[in-house]
Amino acid sequence: MSAAQILVVEDNDFVRMQIVRFLKDAGHETVEAKDGHEALGLMSANIAAAVVDVRMEPMGGLDFIRAVRGRDLETPVILVTGDQTTDLLEQAAKWGVGAVLIKPVVKDRLIKAIERVLVTRGT
């Protein structure tokens, strides 16, 4: 599988750096953003997938996904969260989220989720 460019959107610097390190160790290129607004400015056709925190201010993960889908972009999204609620899972399913990972993010689960969404997308 060729290196894919993955957008990592996480407001916690430590968590973002950890996710970036996991992705780079797996051979992927990364682009980083601290919130949904910054991430929207970085969205392009070159982004193969996005790993997005659910709870961020001023724009959280679900708002980011709605904005991306509003632009008719089908970029695969993996959500990361500290709490897994039924409502979150319903929203994730509604917006076509590829996976929901619970923090702390486990490297193997992250890489498997990325590989799955990239294969689904045909990247």
Task: Heavy-atom pair of closest approach, residues Thr75 and Ala50 - done: CG2-N, 4.3 Å

Task: Residue pair Leu88, Thr81: steps toward the side chain to side chain contact (heavy atoms under 4.5 Å, CB included) verdict - done: CA-CA 9 Å; Leu88 172 61; Thr81 184; 3.7 Å; yes

- [ ] Would you kindly confirm whether Val77 and Ile114 end up in one hydrophobic cluster when ILVMFWY residues are joined by side chain heavy atoms under 4.5 Å apart?
- [x] no

- [ ] Go through the steps for Val97 and Gln91 under the test side chain to side chain contact (heavy atoms under 4.5 Å, CB included), then give the verdict.
- [x] CA-CA 9 Å; Val97 170; Gln91 288 293 314; over 6 Å; no

Open item on the list: Tell me whether Phe22 shares a hydrophobic cluster with Ile102, the cluster being built from Ile, Leu, Val, Met, Phe, Trp, Tyr side chains joined at under 4.5 Å.
Closed with: no

TODO: Side-chain contact test, heavy atoms from C-beta onward, threshold under 4.5 Å: evaluate it for Leu110 versus Leu23 and give yes or no.
DONE: yes

Task: Flag, side chain of Arg55 to backbone of Gly61, donor-acceptor distance under 3.5 Å - done: no

Open item on the list: I'd like to know whether CZ of Arg66 has more than 12 heavy-atom contacts from other residues, nucleotides or ligands below 6.0 angstrom.
Closed with: yes

Open item on the list: Measuring only between side-chain heavy atoms, which start at C-beta, is Val31 closer than 4.5 Å to Ile6?
Closed with: no

Open item on the list: Once rounded to the nearest 0.5 Å, what's the spacing between atom CD1 of Ile19 and atom NZ of Lys24?
Closed with: 13.5 Å

- [ ] Could you point out which residue of Val15, Asp25, Val8, Val51 forms a side-chain contact (heavy atoms from CB on, under 4.5 Å) with Val20?
- [x] Val8

TODO: Would you indicate whether the side-chain heavy atoms of Val9 and Asp35 approach each other to under 4.5 Å?
DONE: no

Task: Leu118 versus Ala4, closest heavy-atom pair with distance - done: CD1-CB, 3.7 Å

Task: Main-chain N/O of Met56 paired to Asp53 side chain as donor or acceptor, under 3.5 Å - done: no

Task: Arg69 side chain vs Phe64 backbone, donor-acceptor pair below 3.5 Å - done: no

Task: ILVMFWY network linking Val105 to Ile111, side-chain heavy atoms under 4.5 angstrom - done: yes

Task: Pairwise side-chain contact, Met43 with Leu7, heavy-atom cut-off 4.5 Å (strictly under) - done: yes

Task: Any side-chain heavy-atom pair of Ile47 and Leu42 under 4.5 Å - done: no

Task: Pairwise distance CG(Asp87) to NZ(Lys94) - rounded to 0.5 angstrom - done: 10.0 Å

TODO: Walk me through it: do Gln5 and His28 pass the test side chain to side chain contact (heavy atoms under 4.5 Å, CB included)?
DONE: CA-CA 6 Å; Gln5 193 169 59; His28 298 292; over 6 Å; no

- [ ] Find out whether Leu79 and Leu62 are in side-chain contact, i.e. whether some heavy atom of one side chain is under 4.5 Å from a heavy atom of the other.
- [x] yes

- [ ] Rounded to the nearest 0.5 Å, what's the gap from CD on Glu29 to CG on Asn46? Could you check?
- [x] 9.0 Å

- [ ] Answer whether the closest heavy-atom distance between the side chains of Val52 and Ile78 falls below 4.5 Å.
- [x] no

- [ ] Please report the C-alpha distance between Lys103 and Glu10 in whole Å, then the side-chain angles of each, then the deciding distance to 0.1 Å, and finally whether the side chain to side chain contact (heavy atoms under 4.5 Å, CB included) criterion is met.
- [x] CA-CA 12 Å; Lys103 292 179 182 177; Glu10 167 64 64; 3.1 Å; yes

TODO: To the nearest 0.5 Å, tell me how far Glu57 CD sits from His37 NE2.
DONE: 9.5 Å

- [ ] Decide yes or no for Pro76 and Thr120: does some side-chain heavy atom of the first lie under 4.5 Å from some side-chain heavy atom of the second?
- [x] no

Open item on the list: Using modelled atom types and a 3.5 Å cut-off, is there a donor and acceptor pairing between side-chain atoms of Glu38 and backbone atoms of Lys34?
Closed with: yes

